Amino acid sequence: MLIGVPKEVHREERRVAATPDSAERLQKLGYSVAVETGAGAAAQFTDEAYREAGAEIVEEARDLWQKADIVLKVRGPEPHPALGLHESEMLKDNGHLISFIWPAQNEDLMGRLRARNGTILAMDTIPRISRAQKCDALSSMANIAGYRAVVEATNRFGRFFGGQTTAAGNVPPAKIMVIGAGVSGLSAIGAGARMGAIVRAFDTRPEVRQQVESLGAEFLELAFEEDGSGEGGYAKVMSEEFIKAEMDLFAHQAMEVDVIITTALIPGKPAPRLITAGMVESMQDGSVIVDLAAEQGGNCELTVPGDVAVRHGVSIIGYTDLPSRMATQSSQLYANNLWYLLDDLTPEKDGQIFVNMEDDLIRGATVIRNGDVTWPPPAPAVTPIPAPPPATEEPGEDPPEKGLHDGIKSVITMLIGGAILYGIGLYAPTSFMVHFTIFVLSCFVGWQVIWNVTPALHTPLMSVTNAISGIVIVGPLLMVSNSSTVITVLATAAIVIATINIAGGFVVTQRMLQMFRKS
């Protein structure tokens, strides 16, 4: 089957659905790949790069659509400005289309696609299950949008994000408030904290607190007991009392912070209004608001979708194409998401697509199959975790309690050990007894130390002790120049073994420490 990758016609859309790397990997699944000329130019992927990857370059968009058995896009089909017809009309009968569709908001588009008797998979309906994370294009794009939101804020903000002390004076760090700690919110938190800003974050879901704090931000809390966790990792609509307390918090923070980044969305509903005109007016001149929910109406009352509005000296950024502003990176991630989905859709790796409606991932993504609307999908089946069986005590005798008998055994053991040491001491030289006693005590202490350390720490502990035990190298170094050949050979062997202990111990320890360091 032939996979076609047309050039996006949406205004200011720079992304492309396949990169030269993903095109090469798609061919390994058995597919042929054709790319419209100039499709990847805005994302810094040339036609020549696609040719080198084995893809065919097609000059005309109409030819590409009519030849392709599977069309990969970023945006859903739209009216083609050059051809004067809707892209959906060029889809091959019984063909396949994979792109963002947004079926709940696009009834007209769903009707057009249904008329083509094709099979449509929407990247925005990928279910939020563990095995589908590799195909989760919403998260991939949200991650980029959160990072880009901070970049756009720095462009509009008139100071450093990180504090500085210079001969010309002190520069305080910027204060950022992020509303919503989903994928885009966490990305914005991480980017802002890395730039040195003081970051605060709010979310209605208490379980995200640890994620927020692990990125170096302060988690803002309300003295209000209500859980905002909804289905699929999104937030739910909160009670009126909670919303009032939430708005009071935002109003207080708006007067303190320099930058507000909003990411709050509720599936199937317009974006909630969280920043009022009064809050904007209370912010300091030069402050910035980045509204990531602008495409769904915006979290700020004064947001202008697709543009930057300046109100009361505050810049309100309502861009709806933040991932597209990092087209190279977003195209790479989106192309990877598509490749993983096609990998699942091609079980035999023979270039033949198989839409398995028994697979939760594929069923969730499929919104139209052979002209029949299959959206919304049923909720994915969740296998309940079986409850642990109740602990039952086996009938039998009670374990014997430690008592006088165990104490007598310990005393006898110590007496026998002491007698052995005394017997050795009668005949052994004094210097031997001193060293032998130290040896016995060190074995006992070492055994006790290892015995009482949790098994999870055995590897780093042993690697360090191996390195420390290399101190015995001092002995063979002193003996290696002995006149006896046998002693010299043994001393050399001891030096080699001790060196392995020292070097290996520190190398293993260093590798384990690297696991706990941020990249």
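Computed from a prediction, not measured in an experiment: that's the story for all the values here.
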[X] side chain vs [Y] backbone, donor-acceptor pair below 3.5 Å:
| X | Y | answer |
| --- | --- | --- |
| Glu60 | Arg62 | no |
| Ser315 | Val288 | no |
| Thr320 | Pro305 | no |
| Asp203 | Arg209 | no |
| Thr119 | Asn370 | yes |
| Ser214 | Gln211 | yes |
| Asp291 | Ile317 | no |
| Ser324 | Ala327 | no |
| Gln27 | Ala23 | yes |
| Thr346 | Leu29 | no |

[X] bridged to [Y] by N-O distance under 4.0 Å:
| X | Y | value |
| --- | --- | --- |
| Arg131 | Asp359 | yes |
| Glu256 | Lys175 | no |
| Asp63 | Lys67 | no |
| Glu8 | Lys73 | yes |
| Arg51 | Asp47 | no |
| Glu36 | Lys7 | no |
| Asp343 | Lys349 | yes |
| Glu152 | Arg148 | yes |
| Arg11 | Glu78 | no |

As a quick check of understanding, evaluate side-chain contact (heavy atoms from CB on, under 4.5 Å) for Ile198 and Ile176, giving each step before the final call. CA-CA 6 Å; Ile198 298 172; Ile176 302 175; over 6 Å; no
Partners meeting side-chain contact (heavy atoms from CB on, under 4.5 Å) with [X] (sequence neighbours left out):
| X | value |
| --- | --- |
| Asp248 | Lys244 |
| Asn106 | Trp102, Leu109 |
| Gln296 | Leu265, Ala271 |
| Arg116 | Leu91, Asp93 |

Is it true that [Y] and [X] share a donor-acceptor pair across their side chains at a distance under 3.5 Å?
| X | Y | answer |
| --- | --- | --- |
| Asp258 | Ser287 | no |
| His80 | Glu87 | no |
| Ser139 | Asp136 | yes |

Let me see the working for Arg369 and Asn117 under side-chain hydrogen bond (donor to acceptor under 3.5 Å, both in side chains), right down to the final yes or no. CA-CA 8 Å; Arg369 187 186 186 197; Asn117 297 316; over 6 Å; no
Check whether any side-chain heavy atom of Met357 sits under 4.5 Å from a side-chain heavy atom of Thr366, and report yes or no. yes
Tell me, with the steps shown, if Ile101 and Trp375 meet side-chain contact (heavy atoms from CB on, under 4.5 Å). CA-CA 11 Å; Ile101 299 294; Trp375 184 89; over 6 Å; no
Under the criterion side-chain contact (heavy atoms from CB on, under 4.5 Å), I'd like the reasoning laid out for Leu72 against Leu342: C-alpha separation, chi angles, the key distance, then a yes or no. CA-CA 10 Å; Leu72 303 183; Leu342 282 163; 4.1 Å; yes
Taking everything shown except Glu213 itself, do over 12 heavy atoms lie less than 6.0 Å from its CD? yes
Take atom CZ in Phe219; do more than 12 heavy atoms of anything else shown fall under 6.0 Å from it? yes
Tell me the closest heavy-atom pair linking Val199 and Gly192, and the distance in Å. CG2-C, 3.8 Å
Measure the acute angle between the ring planes of Phe100 and Tyr334, then classify it against the limits of 30° and 60° as parallel, tilted or perpendicular. parallel
Sorted by chain and residue number, the side chain to side chain donor-acceptor pair (under 3.5 Å) partners of Asp307 (sequence neighbours excluded) come out as none
Where do Val259 and Met177 land on the side-chain contact (heavy atoms from CB on, under 4.5 Å) test, with the steps shown first? CA-CA 6 Å; Val259 177; Met177 178 174 66; over 6 Å; no
Run the side-chain donor-acceptor check on residues 274-285: report pairs under 3.5 Å with partners two or more places apart or on a different chain.
residue: Thr276; atom: OG1; partner: Met279; partner atom: N; Å: 3.3
residue: Ser282; atom: OG; partner: Met279; partner atom: O; Å: 2.7

